[in-house]
Amino acid sequence: MASEKEVETVIVGNYEEMESEGKPRDIKSKLLSFLWHGGSVYDAWFSCASNQVAQVLLTLPYSFSQLGMLSGTLFQLFYGLLGCWTAYLISTLYVEYRTRKEREKFNFRNHVIQWFEVLDGLLGKHWRNVGLAFNCTFLLFGSVIQLIACASNIYYINDNLDKRTWTYIFGACCATTVFIPSFHNYRIWSSLGLLMTTYTAWYLTVASLLHGQVEGVKHSGPTKLVLYFTGATNILYTFGGHAVTVEIMHAMWKPKKFKSIYLLASLYVLTLTLPSAAAVYWTFGDMLLDHSNAFSLLPRSPFRDMAVILMLIHQFITFGFACTPLYLVWEKAIGIHECRSLCKRALARLPVVIPIWFLAIVFPFFGPINSTVGSLLVSFTVYIIPALAHIFTFKSPAARQNAVEQPPKLVGRWAGAYTINVFVVVWVVVVGFGFGGWASMVNFVHQIDTFGFFTKCYQCPSPTSVHPPHLNATAPSPRHL
């Protein structure tokens with residue numbers, strides 16, 4: 001009986017369209033496969049790592065200035081580990097759901113499984129509705145953040161236009177992501193995206209070290225609780241990229257390998273985020289409290305301009321990462337998800353971009369919005385809901401005994417898994433959502449009071465400033481909150 005179950009769990013979760021793998025193909029199909037059809041473990045690794053690091057790379061030095069060097073480093077390691085655990089939970093629940101459906105002969109040839117469907121299939125409609133609400137809201141604001149980041153970055157190369165105008169322009173550019181059907185088609189983009197953020201991370205590190213500490217540099221953090229928990233929730237957001245875990249897994253030829261892939265991706269991301277954030281904070285110290293974008297403090301050079309351009313391209317890619325699940329939800333809502341026409345699906349997706357575009361213009365607060373989204377949305381979407389879902393899915397002895405995947409011995413099997421899940425829920429509710437939500441909202445409201453809605457140029461130099469844009473910002477320091 002055990003051997004039959006083992007055979008069955010090996011064959012589930014493979015795409016039917018991939019069963020032709022190994023058959024003779026012509027040059028055109030090979031080229032198309034190389035550029036477009038990505039379902040290997042390498043594609044998943046690039047997608048996970050590329051999606052995780054994104055524009056938050058530029059705000060982590062700002063978080064270090066709020067947390068201090070030691071807390072900033074420890075929080076990155078801690079939330080990186082926590083993120084790997086909840087990604088493991090999501091992947092386990094996905095495999096459980098898909099195995100059950102494929103035993104019922106359900107065909108996923110033209111259907112992309114999403115997180116809310118996993119919750120629906122395993123726990124019912126109430127879990128589905130909660131998961132759908134949190135996931136969609138998080139991805140909506142995740143897309144908004146990418147547009148804000150685009151405008152913030154391009155301003156450091158060309159300040160002839162204000163940031164709001166740049167947001168209009170990049171909103172139109174990012175709308176072209178409606179033509180990318182699913183994560184199965186991000187092969188070339190995700191690999192290029194990771195190369196771009198790798199360059200940017202090491203540029204920030206090397207440029208900061210070569211620049212040397214500014215005169216009179218101070219490293220005061222942490223100084224206030226509101227700053228401390230704001231910075232902590234930004235790091236919580238950093239390792240919350242697996243809100244698209246299910247979609248990335250579904251794009252894989254062998255989804256069961258996702259767990260190790262995500263762990264390796266997180267380890268690689270830490271090699272980018274830790275050195276860059278520490279180096280920039282070491283160089284500029286408390287000045288970062290007034291400069292949420294790390295580019296704003298480094299002197300302009302061809303290397304910096306290259307980093308800005310590469311991050312712009314990567315943010316376009318990350319916009320697609322965040323928006324694609326929203327496109328799929330919308331397609332299912334209006335009944336065209338299984339339509340074969342790419343043009344019809346692209347046209348139907350356009351209404352999804354409009355509210356994202358609008359919100360990016362209303363709340364252009366680069367940096368503070370990351371912490372707010374992290375505390376109010378990522379905390380539930382990425383940490384609390386997956387941990388609770390795992391507890392309730394396998395709460396009965398029969399469910400645990402018949403589970404497709406058993407928890408590893410390393411964590412103590414089911415008892416250990418339950419203990420970790422309870423810890424995750426309590427920690428994130430109290431520290432991430434509670435203290436983090438309070439701190440982030442205080443900081444966010446402060447930005448609204450200072451700049452107002454629809455601000456034309458957030459943290460741009462004042463008209464009377466004699467300093468170049470990359471060395472000055474008009475935002476009052478959050479230290480005075």
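Scope of the values below: all heavy atoms of this structure, side chains included, with no hydrogens, waters or symmetry mates.
- Under 3.5 Å, the side chains of H390 and T92 contain no donor-acceptor pair of N or O atoms.
- The neighbour count for K332 NZ, taken as heavy atoms of other residues, nucleotides or ligands under 6.0 Å away, is above 12.
- Atom CH2 of W45 sits in a crowded spot, with more than 12 heavy atoms from other residues, nucleotides or ligands closer than 6.0 Å.
- Two rings, from Y79 and F239, have their centers 6.0 Å or more apart.
- A cation-pi arrangement is present between K101 and F106 under the rule of less than 6.0 angstrom and at most 45 degrees off the ring axis.
- Using modelled atom types, one finds no donor on one side chain facing an acceptor on the other under 3.5 Å when comparing Y281 with S63.
- We find the OG1-CG distance between T283 and L298 to be 7.5 Å, quoted to the nearest 0.5 Å.
- Residues N234 and T59 bring a donor and an acceptor atom of their side chains to less than 3.5 Å of each other.
- Under the side-chain hydrogen bond (donor to acceptor under 3.5 Å, both in side chains) rule, E117 has a single partner from R128, R98, H111, which is H111.
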Tell me, with the steps shown, if W427 and F78 meet ring pair (Phe, Tyr, Trp, His ring centres under 6.0 Å).
CA-CA 12 Å; W427 176 274; F78 175 68; 5.1 Å; yes
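- Checked against the 6.0 Å centroid threshold, H211 and F284 count as a close aromatic pair.
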Taking it one step at a time, do F316 and F319 satisfy side-chain contact (heavy atoms from CB on, under 4.5 Å)?
CA-CA 5 Å; F316 164 79; F319 181 93; 5.6 Å; no
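- The distance between the ring centers of Y88 and W85 falls below 6.0 angstrom.
- Counting only residues at least two apart or on different chains, the salt bridge (Lys or Arg N to Asp or Glu O under 4.0 Å) pairs with a member in residues 40-59 are D43-R187.
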Return a table of donor-acceptor pairs under 3.5 angstrom between the side chains of residues 266-276 and protein atoms on other chains or two or more places apart.
residue : atom : partner : partner atom : Å
S266    : OG   : Y262    : O            : 3.1
Y268    : OH   : T198    : OG1          : 2.7
T271    : OG1  : Y268    : O            : 2.4
T273    : OG1  : Q76     : OE1          : 2.5
T273    : OG1  : V269    : O            : 3.2
S276    : OG   : L272    : O            : 2.7
S276    : OG   : T273    : O            : 3.2

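- Ring pair Y186/F183: centre-to-centre distance below 6.0 Å.
- The pair E331-R345 counts as a salt bridge, with a side-chain nitrogen and a carboxylate oxygen less than 4.0 angstrom apart.
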